[in-house]
Protein chains: 2
Amino acid sequence: MADATIRRMAVSARRGTPLTLEEISSTALRLIDEGGVEALSMRKLAAELDVNPMSLYHHVASKDALIRLICGTIQQRVHLPEDNGTPWQDQLRALAVAYYRHARSHPAMWTYLHAHREVIEDRTLAIWATLYRILRMAGVPEPELRRTSDVLHAFVTGLITTELHGHVPDDPEETAHTFDTAVHLMINGLAGYSAR
Amino acid sequence: MADATIRRMAVSARRGTPLTLEEISSTALRLIDEGGVEALSMRKLAAELDVNPMSLYHHVASKDALIRLICGTIQQRVHLPEDNGTPWQDQLRALAVAYYRHARSHPAMWTYLHAHREVIEDRTLAIWATLYRILRMAGVPEPELRRTSDVLHAFVTGLITTELHGHVPDDPEETAHTFDTAVHLMINGLAGYSAR
DNA sequence: ACCTGAACACCGTTCAAGT
DNA sequence: ACCTGAACACCGTTCAAGT
């Protein structure tokens, strides 16, 4: 009815180029980055892509499936530090920093991800391999590895969530200092293993 | 139009008794407990109370304000352990356990609360006083108190979030063990202070 | 003072129909 | 194969009207 509709019909389908899953999910992620997960609606997303809302359902089963898809691609995007031969304390810190940087790049999606952990939990994820490697260096005994890595992951997750939603507007100095305190606490806590 | 409407009109207002804020917020909390925050709708809430949806707006400014109200009452409900003269290690553990119990009583609301931390942050809350007291006993120097308590609170929050959304369906033994690991890590981490 | 119905501007999703 | 419009069953909230 509106002239937007007429224009769209005239070009057969949205500007000529066909809709792709990649295009859908990256635009959806941008909307989430800009306004939080609750700002994503299938209708707004379709408008952003200059497409009929229902066209989306030809590429994606539901809004939920779309969000899960985005969660997956985000998780693969974390850049984990390699083993560089430095002491485990340094490597643990580097891992935590990398995780924090990753969270900062898509804060809203990250928060959603960790409040709906059923979406993650893929224990084959590279993060766990890296964490295991570092904890072995720290002297954590094999049977304690899984639990210890779970706990440390939970600690860092809690820390990042707090930092992301914490002090307005954003104080890098304060964040760095808090981060230092946290890493020191974790390293101290693990020190008991290598001492024995 | 439906006979429910006719019945309601006949009794003048919903079963005779007038609507109260208490009744609204406790019913809303029940709905959230049962189906998560996303299961709360003003219209479903009104139906549950056998009232016109718009009547709610006479007691509450918006759905958001209602949720904030519930967040507040929930937070006051946490039962914090008193100083009982035992070592700080025991008291820290007791505090963490109390916090976990509290989270378990309203998991959905608790998760929402900690993913929207702008709703909390009231530093006068009793939890911070208790944490400060314990950390002073642990030998944390005064200028480090705020940051250290922030970090430990973040750690416990992350741990609880993980536990709440973790292993299906619910393994108390595993939870207890993980909890032990976490508390030991924190106590070990803090031990550096009293040693000096 | 408190409650209500109709209405507005939104949602996600189904389905039958178009090219 | 891919896209579309109309429709359905929902939302939160405003507003004028009722008691």
Side-chain angles (χ1 to χ4, degrees), chain A residues 1-25 27-28 31-32 34-71 112 116, chain B residues 1-25 27-29 31-32 34-71 108 112 116:
Chain A
M1 230 163 268
D3 53 349
T5 307
I6 291 162
R7 191 175 68 244
R8 208 183 301 139
M9 278 172 24
V11 204
S12 161
R14 195 196 65 97
R15 211 184 68 211
T17 55
L19 201 52
T20 69
L21 186 57
E22 220 298 298
E23 195 180 5
I24 291 174
S25 90
T27 305
L31 289 182
I32 291 171
E34 287 168 5
V37 181
E38 73 278 3
L40 175 68
S41 92
M42 296 302 267
R43 296 173 115 111
K44 262 189 284 189
L45 176 56
E48 200 79 12
L49 291 164
D50 194 17
V51 137
N52 184 288
M54 302 320 131
S55 302
L56 300 173
Y57 287 90
H58 242 265
H59 299 85
V60 118
S62 65
K63 182 182 180 179
D64 234 62
L66 174 56
I67 290 177
R68 266 201 303 277
L69 177 74
I70 296 171
C71 285
Y112 177 89
H116 297 69
Chain B
M1 225 165 270
D3 52 349
T5 307
I6 292 162
R7 192 175 69 244
R8 208 184 302 139
M9 279 172 26
V11 205
S12 159
R14 193 196 69 96
R15 215 183 63 213
T17 54
L19 200 52
T20 67
L21 185 59
E22 221 297 298
E23 195 180 6
I24 291 174
S25 91
T27 305
L29 180 55
L31 289 182
I32 290 171
E34 285 167 6
V37 180
E38 72 280 3
L40 175 67
S41 91
M42 296 302 267
R43 295 172 115 112
K44 262 189 283 190
L45 176 55
E48 200 78 11
L49 291 163
D50 194 17
V51 135
N52 185 288
M54 303 321 131
S55 303
L56 300 173
Y57 287 91
H58 241 267
H59 298 85
V60 119
S62 66
K63 183 183 180 179
D64 233 63
L66 173 57
I67 290 178
R68 265 201 303 277
L69 177 73
I70 296 170
C71 284
Y112 177 89
H116 298 67

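A, B, ... follow the sequence lines: proteins, then strands. Residue 1 opens every chain.
Put simply, the side chain of H59(B) gets close to the backbone of L19(B): a donor and an acceptor are under 3.5 Å apart. At distances below 3.5 Å, not a single donor-acceptor pair connects side-chain atoms of S55(A) with backbone N or O atoms of V51(A).
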Tell me which donor-acceptor pairs under 3.5 Å the side chains of residues 40-47 of chain B have, and how far apart each pair is, sequence neighbours excluded?
from   : atom 1 : to     : atom 2 : distance (Å)
S41(B) : OG     : R43(B) : N      : 3.4
S41(B) : OG     : K44(B) : N      : 2.9
K44(B) : NZ     : A39(B) : O      : 3.1

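Summarising the geometry, the separation between NE2 on H58(B) and P on dA1(C) is reported as 9 Å, rounded to the nearest angstrom. Here the P atom of nucleotide dC3(C) and the CG atom of D50(B) are 12 Å apart, to the nearest Å. To the nearest angstrom, P of dA1(C) lies 18 Å from CG of L21(B). As rounded to whole Å, 18 Å separates atom P of dC11(D) from atom CD of E38(A).
Within the 4.0 Å cut-off from OP1 or OP2 of dC3(C), at least one side-chain nitrogen or oxygen of H59(B) is found.
DNA chain C contains the following stems of three or more consecutive Watson-Crick or G-U pairs, with both distances under 3.5 Å: C:4-8 with D:12-16, C:12-16 with D:4-8.
With sequence neighbours left out, E34(A) forms a salt bridge (Lys or Arg N to Asp or Glu O under 4.0 Å) with R30(A). The side chain to side chain contact (heavy atoms under 4.5 Å, CB included) search around A65(B) returns A61(B), S62(B), R68(B), not counting sequence neighbours. With sequence neighbours excluded, the residues that form a side chain to side chain contact (heavy atoms under 4.5 Å, CB included) with S25(B) are E22(B), L66(B), L69(B), I70(B).
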Where protein sits on nucleotides 12-19 of chain C, one letter per nucleotide: B base, S sugar-phosphate only, - none, heavy atoms under 4.0 Å: BBB-----
Check step by step if side-chain contact (heavy atoms from CB on, under 4.5 Å) holds for I67(B) and Y112(B). CA-CA 10 Å; I67(B) 290 178; Y112(B) 177 89; 3.5 Å; yes
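Contacts classified as salt bridge (Lys or Arg N to Asp or Glu O under 4.0 Å) and involving residues 52-62 of chain B (residues at least two apart or in different chains) are not found.
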